[in-house]
2 protein chains.
Amino acid sequence: MGVFSRTCEYAMRAVFFIAHRTPEGTRVGIKDISEGIDSPAHFLAKILQDLSRRGIIHSAKGPNGGFYMTEEDLSRPLSDVVEAIDGVQIFKGCALGLKQCSEKNPCPLHHEFKAIRNDLTKLINGTSIKSFNEDLLNGMTSLKK
Amino acid sequence: MGVFSRTCEYAMRAVFFIAHRTPEGTRVGIKDISEGIDSPAHFLAKILQDLSRRGIIHSAKGPNGGFYMTEEDLSRPLSDVVEAIDGVQIFKGCALGLKQCSEKNPCPLHHEFKAIRNDLTKLINGTSIKSFNEDLLNGMTSLKK
DNA sequence: ACAATTAAAGAGTTTTATATCTTTAATAAA
DNA sequence: TTTATTAAAGATATAAAACTCTTTAATTGT
Ligand code: SF4
Ligand code: SF4
């Protein structure tokens with residue numbers, strides 16, 4: 001596995017996809033999303049239900065229903081998605097899996113690892129979904145496989 | 001989970017522990033190691049068997065047997081351990097789990113993420129087990145929980 | 001040769017992550 | 001009010017990771 005769990009990868013891709021596809025109060029269905037980001041539809045449904053319950057994205061049932069994101073949703077940092085799925089371990093946890101981190105008595109990887117962890121936190125926490133989305137709209141980036 | 005799998009965390013801790021405990025041709029048994037790094041003994045045995053088969057550490061059966069590391073073993077980068085257990089995904093894989101990485105058409109996280117991934121690679125690949133071990137011997141770092 | 005010690009190997013079990021399928025509830029439009 | 005459409009929820013199923021227990025093989029010292 002990479003840095004994030006597969007579930008979390010799907011979640012992030014889906015969030016970018018929804019953000020990209022629902023600019024003006026429109027909605028996008030689970031089928032479109034799962035095809036657009038290449039993930040199993042039913043599994044992704046579970047993930048989006050979870051994000052929706054947490055208020056990270058929004059959804060509406062019925063005809064013309066689907067998933068969408070409000071301006072407030074878009075202004076959230078990507079870390080909200082990651083923490084909802086994978087928790088904070090990736091931002092706070094130890095490289096060697098030790099329970100207590102001591103600055104006084106650190107494990108061999110401590111100093112460099114901490115810097116890397118901080119950079120990751122800064123990237124994921126310090127940038128809004130919207131700003132990633134703007135890159136997508138500018139055609140600079142892509143979610144296609 | 002943190003950056004590495006739990007199995008990989010055990011492997012790294014065990015390697016540092018063995019390096020620390022077998023300075024002059026001595027050996028250390030699975031029991032001592034598993035207690036020293038707080039991991040399940042039989043499970044760790046499997047992991048060390050694997051590392052031993054790959055020549056990353058060495059072992060000897062019988063009385064006064066156990067695990068040990070040669071000078072050559074110690075000079076290896078920690079990335080050998082990580083790659084043996086978790087593979088190269090962590091160093092090469094995409095944040096969003098996309099299959100093909102395109103510099104031309106990158107995913108939204110690409111640029112910053114790549115930098116972080118490179119830093120991690122540099123840390124794990126660019127430093128020998130011995131040098132971590134020297135920190136341990138100097139009492140600067142610890143594996144105790 | 002024999003007994004003791006140690007890792008290696010084999011064969012599970014348990015837990016967690018990932019994935020699928022079915023049924024229900026909400027909404028909208030006719 | 002009925003039908004179509006959509007997400008939510010529930011119930012499993014499958015696969016992978018983590019862990020345990022038992023047996024075997026190698027080595028040492030007596
Ligand atoms: S010493 Fe550093 S790497 Fe180790 S657990 Fe603490 S913060 Fe994490
Ligand atoms: S675009 Fe960047 S983050 Fe995305 S898969 Fe490629 S290298 Fe990884």
Side-chain angles (χ1 to χ4, degrees), chain A residues 1-14 17-18 21-22 25-35 37-69 82 84-87 89-90 97, chain B residues 1-14 17-18 21-22 25-35 37-69 82 84-87 89-90 97:
Chain A
M1 198 39 57
V3 171
F4 304 109
S5 72
R6 184 176 304 194
T7 304
C8 190
E9 290 173 351
Y10 290 156
M12 290 188 287
R13 271 148 62 189
F17 188 89
I18 296 167
R21 277 293 193 83
T22 60
T26 57
R27 289 140 185 197
V28 58
I30 189 69
K31 193 100 188 298
D32 280 352
I33 306 172
S34 67
E35 280 169 6
I37 70 166
D38 194 62
S39 75
H42 291 282
F43 186 51
L44 184 63
K46 294 292 184 196
I47 299 169
L48 296 186
Q49 278 161 34
D50 187 13
L51 294 181
S52 183
R53 256 185 258 112
R54 292 166 188 269
I56 292 171
I57 62 177
H58 285 81
S59 67
K61 288 182 181 178
N64 303 314
F67 297 90
Y68 62 99
M69 298 181 74
V82 172
I85 308 292
D86 279 356
Q89 199 63 6
I90 193 75
Chain B
M1 198 38 55
V3 171
F4 304 109
S5 72
R6 186 175 303 193
T7 304
C8 190
E9 291 173 351
Y10 290 155
M12 290 188 287
R13 272 147 63 187
F17 189 89
I18 295 167
R21 277 293 193 84
T22 60
T26 56
R27 289 138 184 197
V28 57
I30 189 69
K31 193 102 187 298
D32 280 351
I33 305 172
S34 67
E35 280 168 7
I37 71 167
D38 194 61
S39 76
H42 291 283
F43 186 51
L44 184 63
K46 294 293 183 194
I47 300 169
L48 295 186
Q49 278 162 34
D50 186 13
L51 294 181
S52 182
R53 256 185 258 113
R54 293 166 188 270
I56 291 171
I57 61 177
H58 285 82
S59 68
K61 289 184 183 177
N64 303 315
F67 296 90
Y68 63 99
M69 298 182 73
V82 172
I85 309 291
D86 279 355
Q89 199 64 7
I90 193 75

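Here is how names work: the chains are called A, B, and so on, in the same order as the sequence lines, proteins then strands, and each is numbered from 1.
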Side chain of B/R53: nearest nucleotide among D/dA9, C/dT27, C/dA9?
C/dA9
Is the shortest side-chain N/O distance from B/T7 to OP1 or OP2 of D/dA17 below 4.0 Å?
no
With a 4.0 Å limit, can you tell me whether A/S59 has a side-chain N or O closer than that to the phosphate oxygens OP1/OP2 of D/dA7?
no
Kindly say if A/N64 contacts the phosphate of C/dT27, meaning a side-chain N or O under 4.0 Å from OP1 or OP2.
no
Any base atoms under 4.0 Å from B/A60, or only sugar-phosphate, or nothing? Heavy atoms, all strands.
sugar-phosphate
Specify the separation, in whole Å, of atom CD1 of A/I30 and atom C1' of D/dA8.
11 Å
Please report, rounded to the nearest Å, how far the P atom of D/dA7 is from the CG atom of A/L51.
14 Å
A/D32 CG to D/dA7 C1': how many Å, rounded?
14 Å
What's the separation between atom CZ in A/F17 and atom CD1 in A/I37, rounded to the nearest 0.5 Å?
8.0 Å
Within this structure, what is the CG-to-P distance between A/D50 and D/dA7, rounded to whole angstrom?
16 Å
Rounded to whole Å, CD of B/E9 lies from P of D/dA17 at a distance of 15 Å
Between A/K46 and B/G65, whichever has its closest DNA chain C nucleotide further toward 5' is B/G65
Without decimals, in angstroms, what is the distance between A/H42 NE2 and D/dA8 P?
14 Å
May I ask you to evaluate whether B/S52 reaches the phosphate of C/dA7, defined as a side-chain N or O under 4.0 Å from OP1 or OP2?
no
At less than 4.0 Å, is any side-chain N or O atom of B/R27 found next to OP1 or OP2 of C/dA7? Yes or no.
no
Where is the tightest heavy-atom contact between B/A14 and B/L44, given as atom of each residue plus distance?
CB-CD1, 3.9 Å
Audit row: A/R21, A/T26, side chain to side chain contact (heavy atoms under 4.5 Å, CB included) steps and yes/no
CA-CA 8 Å; A/R21 277 293 193 83; A/T26 57; over 6 Å; no
Starting at the 5' end of DNA chain C and moving along, which residue's nearest nucleotide shows up first, A/S5 or A/P63?
A/S5
Between C/dA19 and A/R6, is there an OP1 or OP2 to side-chain N/O distance shorter than 4.0 Å?
yes
Length of the line joining B/I33:CD1 and C/dA8:P, which is rounded to integer Å
10 Å
Can you tell whether the side chains of B/D50 and B/K46 come within less than 4.0 Å, N to carboxylate O?
no
Take the protein atom CZ of A/F43 and the nucleotide atom P of C/dA19, then report the distance between them rounded to whole Å.
5 Å
Roughly how far apart are A/R13 CZ and A/C8 SG, rounded to 0.5 Å?
11.0 Å
It should be established whether B/Y10 places a side-chain nitrogen or oxygen under 4.0 Å from OP1 or OP2 of nucleotide D/dC19.
yes
